[in-house]
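What follows is a set of notes on a single structure, which appears directly below.
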Amino acid sequence: MARTRSELVISVLREMGVLDASEEVSAEDASHVKDVYDDKLEHWIDEEIAYWTSDEIPNALFLAIRDIMINEVSGTFGQPVPLETKQAREIALTSWLRRHAARHRTGLPVAGEFAGSFDDTA
């Protein structure tokens with residue numbers, strides 16, 4: 001089962017206290033969080049730690065991604081974090097993604113590497 005970007009936006013804003021349980025997210029806030037998530041996802045794909053599409057967030061990673069997003073967007077919503085703290089949190093939270101990616105195949109092609117020489121005359 002997977003979660004969507006819209007679910008991520010709502011979870012991020014509710015966990016930050018920007019939205020209460022019954023409040024609807026504004027289009028501007030949703031757009032901002034989605035844009036930041038898309039940028040992060042592109043970076044994770046480049047780092048080969050993301051294998052999912054933007055609207056199919058694995059349940060196993062949903063809360064970790066939510067927390068990464070909170071760390072990333074908190075300043076925008078009036079909850080600034082010192083740069084050193086933000087960077088330390090990013091490293092710690094991203095480790096969840098790295099461990100998960102190490103156990104799951106991405107489905108992307110990988111070039112083979114061969115040691116030594118190949119001799120087919122034998």
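On a predicted model such as this, the values are computed, not experimentally measured, just so you know. Nothing fancy with the numbering, it's 1 onward along the sequence.
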Exercise. Heavy atoms, side chains only, cut-off 4.5 Å: are Ile10 and Arg14 in contact?
Worked result: yes
Exercise. How long is the span from the CD1 atom in Ile68 to the OG1 atom in Thr94, to the nearest 0.5 Å?
Worked result: 4.0 Å
Exercise. At what distance, to the nearest 0.5 angstrom, does CZ of Arg98 lie from CH2 of Trp44?
Worked result: 10.5 Å
Problem set entry | Trace of the salt bridge (Lys or Arg N to Asp or Glu O under 4.0 Å) decision for Glu72 with Lys86 | CA-CA 8 Å; Glu72 194 66 34; Lys86 184 176 179 179; 3.7 Å; yes
Problem set entry | Leu97 side chain near Leu61 side chain, heavy-atom distance below 4.5 Å | yes
For this session: Just say parallel, tilted or perpendicular for the rings of His100 and Tyr51, cut-offs at 30° and 60°.
Result: parallel
For this session: Flag the pair Thr4 / Ile57 as yes when at least one side-chain heavy-atom distance between them is below 4.5 Å, and no otherwise.
Result: no
Exercise. Is it true that a side-chain atom of Glu15 and a backbone atom of Ile70 form a donor plus acceptor pair closer than 3.5 Å?
Worked result: no
Exercise. For Val9 and Met69, what are the C-alpha separation, side-chain angles and deciding distance, and is it a side-chain contact (heavy atoms from CB on, under 4.5 Å)?
Worked result: CA-CA 9 Å; Val9 168; Met69 292 303 301; over 6 Å; no
Problem set entry | Interatomic spacing from OG in Ser95 to CD1 in Ile49 - rounded to 0.5 Å | 9.5 Å
Problem set entry | Ion pair Glu90/Lys40, N-O distance below 4.0 Å | yes
For this session: Kindly indicate whether the side chain of Val73, heavy atoms from C-beta on, has any atom under 4.5 Å from the side chain of Met16.
Result: yes
Exercise. Got a second to check how far Phe62's CZ is from Asp67's CG, nearest 0.5 Å?
Worked result: 10.0 Å
Seminar exercise, completed: So CZ of Arg66 and CG of Asn71: to nearest 0.5 Å the spacing works out to 12.5 Å
For this session: State whether the side chain of Glu42 and the backbone N or O of Asp39 hold a donor-acceptor pair below 3.5 Å, judged by distance alone.
Result: no
Exercise. What are the two closest non-hydrogen atoms of Tyr37 and Ser54, and how far apart are they?
Worked result: CE2-O, 3.3 Å
For this session: Output the distance between atom CD1 (Ile65) and atom OG (Ser11), rounded to the nearest 0.5 Å.
Result: 11.0 Å
Exercise. Hey, any chance Val81 and Val33 share a hydrophobic cluster, counting ILVMFWY side chains that come within less than 4.5 Å of each other, even indirectly?
Worked result: no
Exercise. Distance under 6.0 Å and angle within 45° of the ring axis: does Arg99 meet both against Trp96?
Worked result: yes
Exercise. Hey, mind stepping through Arg3 and Asp55 against salt bridge (Lys or Arg N to Asp or Glu O under 4.0 Å) and telling me if it holds?
Worked result: CA-CA 7 Å; Arg3 307 284 291 273; Asp55 232 12; over 6 Å; no
